[in-house]
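Chain letters run A, B, ... following the sequence lines, proteins first, then strands; residues in each count from 1.
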Number of protein chains: 2
Amino acid sequence: MRFTLRQLQVFLATAHHQNISRAAESLAMSQSAASGALSDLESRYNAQLFDRVGKRLQLNAQGYALRPLAESLMDEANEVEAVLEQRGIAGKLKVGATLTIGNYIAIPIIARFKQEFPDVDLRMHVANTEHIASEVLQFDMDIGLIEGEYSHPDLLVEPWQDDELQVFCSPNHPFASLASLDDKQLKSVPWILREQGSGTRQTFDRAMHGLLNDLDIHLEFEHTEAIKRAVEAGLGLGCLSRITLADAFKRGSLVPLDVKHRDMGRQFYFVTHKKKFQSRALLSWLETCRQLSDS
Amino acid sequence: MRFTLRQLQVFLATAHHQNISRAAESLAMSQSAASGALSDLESRYNAQLFDRVGKRLQLNAQGYALRPLAESLMDEANEVEAVLEQRGIAGKLKVGATLTIGNYIAIPIIARFKQEFPDVDLRMHVANTEHIASEVLQFDMDIGLIEGEYSHPDLLVEPWQDDELQVFCSPNHPFASLASLDDKQLKSVPWILREQGSGTRQTFDRAMHGLLNDLDIHLEFEHTEAIKRAVEAGLGLGCLSRITLADAFKRGSLVPLDVKHRDMGRQFYFVTHKKKFQSRALLSWLETCRQLSDS
DNA sequence: TCATATTAATCGGAAATACCAATATATTAT
DNA sequence: ATAATATATTGGTATTTCCGATTAATATGA
């Protein structure tokens, strides 16, 4: 073995920041040491990991090939260190989730996980599917919990649990007492929906296929609470994941509506990087997720 | 990261040899350096990896927990180095196989594999199922190809391909012309079989369940060729994997016999260590195995 | 366009580390 | 008890790592 873990750390930090100085800073070492470590790694193997265009460090093909392996190696080195330090399951775990999942489903999971594994430094970041996928790809996030379908050669996308959208209105709405709605009725009223690009909207659009151009999309919000309040105020019909509506239905502040011949089903997925080492913290997180969605 | 790859190498070599001096020798370093590296690793983390009983170094609980992770880490470090050196798929691959598999099935696989991946240093070691499993457990072997069922919490045993045993006799034997044999006939003649403990014998015993005590086991050999020659000489009936008999049947030097109500089916398995890093060489080997057993 | 800021690479020296040979110490075998 | 075998320790040397300072090259902005 003619490289050191330190050199790999420098390589990874540099790939991350695309900047030696900030990489050095993040590793609490001098810029010269980082520069030296990197060029040492390269010259030892007669390899170019970065293309130096001016003072810019651009990861090249070989560096690109190295990155996932190096990342995985460092994760594993952390596990080794955990055993050496006789720590239990500990470490950092960066989880990304979409709005619906992060605000509703993830909350009880986080509670349970923190209780079972208090030594894991868990960070949850809420963003849209695409953003989460790209962070997982960049190794900036350990796992993503997403709604929309997403596929990429380097990503492992695993179905996790089923979900269904639910059309709803205020109790005072004329539709509130109807047994079910047909296409004509759907076209006759204003809608209040999540914005384009969200997983919820994606599913809605698919479910309303063929009808989409005729629908009156009155308002778009980026948050489920805003939509619920707008619908409550009688501004129109809404369509959101059942999970976000359970409370409102129980209280009677909103009313579920049955829609004919429209499939509102969808799935939530785990998304991870294929080349990433599966740390014990990550495996425990997955385990906790699965346990709580079975019950 | 407060440990080095070198220290981990020393740890692993010591765990392997249970002896610092030979570990040092295998790493081409002095005994004192190895001793120093190991005690450095231990003192840095205030950890005991080995119990020093007299001059014996006995891996203890913590060391035992560390070993699979460390082993996996080093394997992955080798992959990293392969990328740095811009090698293709290369490295060492130690394959263990039982007699039947090693001498018959593995030959064409090895030929194909060497042709496709000439840079992999492939070593095949033939031994019985139990021995192979224990070497895989000790990380002395990357993968085992076994016949018998075998289970262990740290081992991953994956079904690979089907096989069937075949009863056979010499062309001059009175049974040669019979359409099929019943239990009474099976009991009336001497048998020439593989020895107790072999996978082939294990399957035979299971197939002959209820009849076993009444069978006349005339001879036991450790090699299939010996059994075939003895049966050819008219010394009795044999029972071996079909694969080892195809040639003899084609030449007419041996004759297959049909046996009623006896299930001679069995399976071959891949066996690997759960915690082991799957190197590209190993994955390629598995791929080659699967390709050739499909066709 | 020219000055200023930013950044990567390089150099010299200090500190830390890895290594070896020799030696001391401990255990097993005869 | 003695020889043989192993591990740990010590002292000394070579190597490596790192920092601060400097230099060279590139962006930024007036």
Participant: So if I take residues 12-20 of chain A and measure heavy-atom distances to DNA chain C, which residues fall below 4.0 Å?
Facilitator: A:Asn19, A:Ile20
Participant: How close do B:Phe50 and B:Ala15 get, heavy atom to heavy atom, and via which atoms?
Facilitator: CZ-N, 3.7 Å
Participant: Indicate whether any N or O donor in one side chain lies under 3.5 Å from an N or O acceptor in the other, for B:Asp140 and B:His16.
Facilitator: yes
Participant: Determine whether a donor-acceptor pair (N or O, by modelled atom type, separation under 3.5 Å) exists between the side chain of B:Lys114 and the backbone of B:Val120.
Facilitator: yes
Participant: Can you find a side chain N or O atom of A:Ser39 that sits less than 4.0 Å from OP1 or OP2 on C:dA9?
Facilitator: no
Participant: If I take atom CG in residue A:Leu38 and atom P in nucleotide C:dT7, what distance separates them, rounded to the nearest angstrom?
Facilitator: 17 Å
Participant: Indicate the atoms forming the closest heavy-atom contact of B:Gln86 with A:Asn46, along with that distance.
Facilitator: NE2-O, 4.1 Å
Participant: Would you call A:Arg194 and A:Glu222 a salt bridge, using N to O less than 4.0 angstrom?
Facilitator: no
Participant: Tell me the interatomic distance from B:Leu57, atom CG, to C:dT27, atom C1', rounded to whole angstroms.
Facilitator: 12 Å
Participant: Can you tell me how far P of D:dA8 sits from CG of B:Leu41, to the nearest Å?
Facilitator: 13 Å
Participant: Could you run through nucleotides 15-20 of chain C and give me one letter per nucleotide, 5' to 3': B if any protein heavy atom sits under 4.0 Å from the base, S if only the sugar-phosphate is that close, - if neither?
Facilitator: --SSSB
Participant: Could you run down nucleotides 24-29 of chain D 5' to 3' and tag each one B, S or - for protein heavy-atom contact under 4.0 Å?
Facilitator: --B---
Participant: Are more than 12 heavy atoms, taken from residues, nucleotides or ligands other than A:Lys275, located less than 6.0 Å from that residue's NZ atom?
Facilitator: no
Participant: Show every side chain to side chain donor-acceptor pair (under 3.5 Å) that has at least one partner inside residues 141-153 of chain A, sequence neighbours left out.
Facilitator: A:Thr98-A:Glu147, A:Thr100-A:Glu147, A:Asp142-A:Lys276, A:Glu147-A:Thr200, A:Glu147-A:Arg266, A:Glu149-A:Tyr269
Participant: Quick check on A:Lys274: does its NZ atom have over 12 non-hydrogen neighbours (other residues, nucleotides or ligands) under 6.0 Å away?
Facilitator: yes
Participant: Would you say C:dT7 has OP1 or OP2 under 4.0 Å from some side-chain N or O of A:Arg52?
Facilitator: no
Participant: Distance alone, cut at 3.5 Å: any donor-acceptor contact between the side chains of A:Ser284 and A:Glu116?
Facilitator: no
Participant: D:dT7 P sits how many Å from B:Glu42 CD, rounded?
Facilitator: 13 Å
Participant: Begin with the C-alpha distance, continue with both residues' side-chain angles, and end with the deciding distance and a verdict on side-chain hydrogen bond (donor to acceptor under 3.5 Å, both in side chains) for B:Gln48 and B:Asn60.
Facilitator: CA-CA 8 Å; B:Gln48 279 279 115; B:Asn60 67 16; over 6 Å; no
Participant: If I take atom CD in residue B:Glu25 and atom P in nucleotide D:dA6, what distance separates them, rounded to the nearest angstrom?
Facilitator: 10 Å
Participant: What is the separation between atom CE on A:Met1 and atom P on D:dT16, rounded to the nearest whole Å?
Facilitator: 17 Å
Participant: With distance as the sole criterion, is a donor-acceptor pair present between the side chains of B:Gln138 and B:Arg67 under 3.5 Å?
Facilitator: yes
Participant: For the CZ atom of A:Phe113 and the CD atom of A:Glu287, what is their distance to the nearest 0.5 Å?
Facilitator: 11.0 Å
Participant: Base, sugar-phosphate, or nothing: which does B:Ser21 touch, judged by heavy atoms less than 4.0 Å apart?
Facilitator: base
Participant: Taking five pairs at each end of the helix from C:dT1-D:dA30 to C:dT30-D:dA1, what angle separates the two helix axes (nearest 10°)?
Facilitator: 30°
Participant: List for me each residue that meets ring-ring contact (aromatic ring centres under 6.0 Å, His included) alongside B:Phe139, sequence neighbours excluded, and say none if there are none.
Facilitator: B:His273
Participant: Compare all side-chain heavy atoms of B:Asn78 with those of A:Met1 and state whether any distance is below 4.5 angstrom.
Facilitator: yes
